[in-house]
Amino acid sequence: MLTPIDYPISLDFDAENGTFEPCPQVTPRHLSDLKEMFSDQSTVAQILRENDPLIYEIRYYPFTTTKSDMALAVTRIFPGTIGNEFYMTKGHKHQREDQPEVYYCVRGEGFLLLDTLEGEFRAIPWRAGVITHIPPMWAHRVVNTGNDLLVFIGVFHLSAGHDYDIVARKGFAYRVLSRNGKPELIKQD
Ligand SMILES: O=P(O)(O)OC[C@H]1O[C@H](O)[C@H](O)[C@@H](O)[C@@H]1O
Ligand SMILES: [Fe+2]
């Protein structure tokens with residue numbers, strides 16, 4: 001925990017690149033880190049035999065004045081597909097049931113998928129400038145459907161927690177697949 005003398009903190013954000021300074025933690029997510037999330041498992045295995053592409057990166061800054069302070073995460077999703085499924089985040093639900101989040105799309109285009117994993121689903125068309133409030137209890141995933149980088153900012157409480165297992169088990173109701181280069185929402189079976 002930092003002492004109060006270290007606060008307030010300002011970060012220098014580069015919206016083009018989706019990077020900021022100072023940045024204490026960068027987490028790369030390669031295909032191997034989210035391989036079970038993609039539908040085309042034979043293509044996943046084939047790609048992984050040759051290399052392990054970087055799908056996205058998370059830059060994280062925890063503000064630690066108290067245990068209920070907030071955290072900032074900037075995610076850069078690269079353009080691409082695995083089979084015909086666009087690159088996307090792993091997706092998670094918050095461990096705590098009372099924890100929302102605010103997402104702000106800074107660059108690029110795609111979808112924010114929101115799913116209660118209990119029958120309610122929304123696909124929010126996303127482009128630079130859209131800010132979306134994610135209510136508590138909704139799993140969230142971002143899909144990059146463009147030819148360029150997608151950058152978004154997430155702001156959430158430190159105590160929210162990330163539950164990835166429930167997403168791996170239940171899956172989102174729809175996938176975003178490329179058909180002739182255009183995104184299509186396809187219901188999961
Ligand atoms: O955690 P993932 O599903 O990989 O999503 C990537 C990241 O997206 C946002 O930036 C959230 O604020 C982060 O908490 C999250 O880690
Ligand atoms: Fe979250």
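When a ligand or atom number is given, it counts from 1 through the structure's own listing order. These figures come from a predicted structure and were not determined experimentally.
Counting the atoms of ligand 1 from 1 in the order shown, those under 4.0 Å from a heavy atom of F156 are 12 (O), 14 (O). The E101 neighbourhood of ligand 1 comprises atoms 11 (C), 12 (O), with distances under 4.0 Å to a heavy atom of that residue. Set against the non-hydrogen atoms of Y103, the atoms of ligand 1 under 4.0 Å away are 8 (O), 9 (C), 11 (C), 12 (O). Under a 4.0 Å criterion applied to the non-hydrogen atoms of R29, ligand 1 contributes the atoms 1 (O), 2 (P), 4 (O).
Looking at atom 4 (O) of ligand 1, its nearest protein heavy atom turns out to be Y56 OH, 2.4 Å. Protein heavy atom in closest approach to atom 10 (O) of ligand 1: T75 OG1, 2.9 Å. Nearest protein heavy-atom contact of atom 6 (C) of ligand 1 is I58 CD1, 3.6 Å. Protein heavy atom closest to atom 1 (O) of ligand 1, with residue, atom name and distance, is Y164 OH, 2.5 Å. For atom 5 (O) of ligand 1, the nearest non-hydrogen atom of the protein is T89 CB, 3.9 Å.
Under the 4.5 Å side-chain heavy-atom criterion for ILVMFWY residues, no single connected hydrophobic cluster contains both L150 and L177. Clustering ILVMFWY residues whenever any of their side-chain heavy atoms sit less than 4.5 angstrom apart, transitively, puts V44 in the very cluster that holds M88.
Between the NE2 atom of H140 and the NE2 atom of H94, the angle centred on the Fe ion (ligand 2) amounts to 100° when rounded to 10°.
In this structure, E85 contributes its side chain and S39 its backbone to a donor-acceptor pair below 3.5 Å. Side-chain atoms of Y7 come within 3.5 Å of backbone atoms of T64 as a donor-acceptor pair (strictly under, hydrogens ignored). H94 places a side-chain N or O within 3.5 Å of a backbone atom of Q99 that can act as its donor or acceptor partner. Listed for the R141 side chain is a donor-acceptor partner under 3.5 Å among the backbone atoms of T89.
Only the side chain of H162 comes within 4.0 Å of ligand 1, counting heavy atoms alone; its backbone N, CA, C and O stay farther away. The residue H140 has no part lying near ligand 1, judged by heavy-atom distances below 4.0 Å. The proximity of Y60 to ligand 1, defined as any non-hydrogen pair under 4.0 Å, does not occur for either the backbone or the side chain.
A distance below 6.0 Å separates the ring centres of Y103 and F152.
Of all the N, O or S atoms in E101, the one closest to the Fe ion (ligand 2) is OE1.
By the 4.5 Å heavy-atom criterion applied to side chains, T132 and W126 are counted as neighbours.
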| task | Please assess T19 against R59 for the test side chain to side chain donor-acceptor pair (under 3.5 Å), listing each intermediate value before the final yes or no. | result | CA-CA 7 Å; T19 56; R59 283 175 168 70; 5.3 Å; no

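With sequence neighbours excluded, the residues that form a salt bridge (charged side-chain N to carboxylate O under 4.0 Å, His left out) with D148 are R107.
Under 2.8 Å from the Fe ion (ligand 2) lies no N/O/S atom of H162, from backbone or side chain alike.
The closest approach between F152 and ligand 1 falls below 4.0 Å for a heavy atom of the residue.
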